[in-house]
Student: 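What follows is a structure written as structure tokens; I'll ask about it next.
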Amino acid sequence: MSSPSPYVDEVPEGIPTTLDWVVLSADMATIHAAQRYASIVELWDDAIRAATRDEGASVLVERSVRLEVASALRISEHAAGRLMGIGRALVKRYPMVWEAMSHADITDTHATIIVDGLDELETVRAELVREVLALAEEMPTGPFRRAVRRIVDREREATIAERHADAVAHRHVRVEPGVDGMAWLTAHLPAVEAHAIHGRLTAIAKTLDDERSLDQKRADVFGDLLIDGETESLPDTARGIRPTVAITVPALTLLTGDGSAAQVDGVGPIPLARARELCGAASGWMRVLTHPDTGVVLSVGREQYRPPADLRRLVAWRAARCMAPGCGIPADRCDIDHTIDWHHGGHTDATNLAPLCRGHHTLKHHTDWQVTAQPGGALEWTSPAGRVYLVQPERRIPQFTTDPPGPPPF
């Protein structure tokens, strides 16, 4: 770790630093954005009131206001329509969120994530708005977006089996013409299979050491597998690769059918029947059973792995993402890093391991950022300017204890 930054203590106490001005400017921009939303809604309401009762005129009100806003702000009508929709949602349906934004307790992006997420639900309770708002005031936008996705999925669990069955009935593959001799091949299929396919393409592509980009190699592997149906043209390291997907199933749900829905990493909730199928003997799945009340892990299917591979996978499963502030890179694309460096006495155990993407891994070891491990797998990052950011993992690893010696309590 390099020496402390020589710039941290130059500004006298009580005088705003340059970073303070950055934060203040961002807060003012958020407050102004909230006022912009309110003004757009007021403009829209005024136009509605001024419109005649003629049906044709009423239909044109929204289009007229959209063009007015787009022209005044020098943006596209699509962008203006987006501002109008978000503004009306905040002012009319989620006033608590608009109020928080108007005080810079949350950012414009947080507010947009809330609107986009909650608008997927048919009914939104005030308690649900307060729940996501509390998270918005604490979390960076990347983890917050995933948290809202989980909350929305949780609220929709009641009908997931019926909705999934209906959606599966509309699966298809299509080819659409592109340009310059190219075309789009798209498949609409269950998300579990889609993520598994993409995971296998990525795993094979990463074994190919040449000048092609990862996207190019993924596309080439995709074509080779589907056209030729075999991998003889690939190097030995690329053959036999299969996707690995983690599925989390509350034990009570798996055994009785009651309780929270099963979750697939990167996908969300899946029907119980599908979860039971995936928790069978099929390879390529890390089966994670959780306690029905606390959510802690009971089993990760240790029969599949050899140490230290199981430990690496468990640490990655716990974090789900890079453990740097606000980073959204999936843990399976990260390095598993010793928080206290091995050469400085750090241990190879879950309390001292966390996934970091290559960029943040390098930043941690070669800049003045300081990182310390906290209970439960959290990391505390202290910036060169002295600001502290606590990054929590998305899941927990259980702590198993034994009863203390002594007579039984009866």
Student: Looking only at non-hydrogen atoms, find the nearest pair between I336 and A316 and report the distance.
Tutor: CD1-CB, 4.4 Å
Student: Could you report the tightest heavy-atom contact between P384 and D368, atom names first, then the distance?
Tutor: CG-CB, 4.0 Å
Student: Got a sec, which residues hit side-chain hydrogen bond (donor to acceptor under 3.5 Å, both in side chains) with N352, two or more places apart in sequence or on another chain?
Tutor: none
Student: In terms of the angle between their ring planes, are Y389 and W369 parallel, tilted or perpendicular, with boundaries placed at 30° and 60°?
Tutor: tilted
Student: Looking at E120 and R149, does any basic side-chain N land under 4.0 Å from a carboxylate oxygen?
Tutor: yes
Student: Check side-chain contact (heavy atoms from CB on, under 4.5 Å) between A26 and all other residues, then give those that pass, not counting sequence neighbours.
Tutor: none
Student: Quick test of your reading of the model: are D46 and R49 salt-bridged, counting only N-O distances below 4.0 Å?
Tutor: yes
Student: Under 3.5 Å, sequence neighbours excluded: what are the donor-acceptor pairs made by side chains of residues 89-106?
Tutor:
residue	atom	partner	partner atom	Å
K92	NZ	D45	OD2	3.1
R93	NH2	D119	OD1	3.3
R93	NH2	D119	OD2	2.8
Y94	OH	D119	OD1	2.6
W98	NE1	A34	O	2.8
S102	OG	E99	O	2.7
H103	ND1	E99	O	2.9

Student: Kindly write out the residues that satisfy ring-ring contact (aromatic ring centres under 6.0 Å, His included) with H361, not counting sequence neighbours, or none if the list is empty.
Tutor: H365
Student: Please name all residues satisfying ring-ring contact (aromatic ring centres under 6.0 Å, His included) with H188, sequence neighbours left out, ordered by chain then number.
Tutor: H172
Student: Side chains of residues 131-143: which donor-acceptor pairs under 3.5 Å do they make with residues two or more places apart or in other chains?
Tutor:
residue	atom	partner	partner atom	Å
E131	OE1	R154	NH2	3.0
E131	OE2	R154	NH1	3.0

Student: Whether the Q374 and T372 side chains hold a donor-acceptor pair (N or O, under 3.5 Å, no angle test) is what I'd like checked.
Tutor: yes
Student: With a 4.0 Å cut-off on N to O distance, would you call E394 and R146 a salt bridge?
Tutor: yes
Student: So is R88 actually on top of W44's ring, under 6.0 Å and inside 45° of the axis?
Tutor: yes
Student: Which residues pass the side-chain hydrogen bond (donor to acceptor under 3.5 Å, both in side chains) test with S39, sequence neighbours left out?
Tutor: Q35
Student: The criterion is side-chain contact (heavy atoms from CB on, under 4.5 Å); which residues satisfy it with V388, sequence neighbours excluded?
Tutor: E380, T382
Student: Strictly distance-based, threshold 3.5 Å: is any side-chain N or O of S71 a donor or acceptor partner for the main-chain N or O of E68?
Tutor: no
Student: Enumerate the ring-ring contact (aromatic ring centres under 6.0 Å, His included) contacts for residues 109-134, please, sequence neighbours excluded, ordered by first and then second residue.
Tutor: H110-F144
Student: To the nearest 0.5 Å, tell me how far D108 CG sits from T30 OG1.
Tutor: 6.5 Å
Student: Between D335 and D337 (side chain of the first, backbone of the second, donor and acceptor by atom type, cut-off under 3.5 Å), is there such a pair?
Tutor: no
Student: Any pair with a residue in residues 72-83 that passes salt bridge (Lys or Arg N to Asp or Glu O under 4.0 Å), sequence neighbours left out, goes on the list, sorted by first then second residue, please.
Tutor: R66-E77, R82-D116
Student: Using a strict 4.0 Å threshold on nitrogen-to-oxygen distance, state whether D332 and R312 make a salt bridge.
Tutor: no
Student: Who passes side-chain contact (heavy atoms from CB on, under 4.5 Å) against R218, sequence neighbours left out?
Tutor: H198, L201, T202, A205, L214, D215
Student: Apply side-chain contact (heavy atoms from CB on, under 4.5 Å) to D209 and list each qualifying residue two or more places apart in sequence or on a separate chain.
Tutor: none
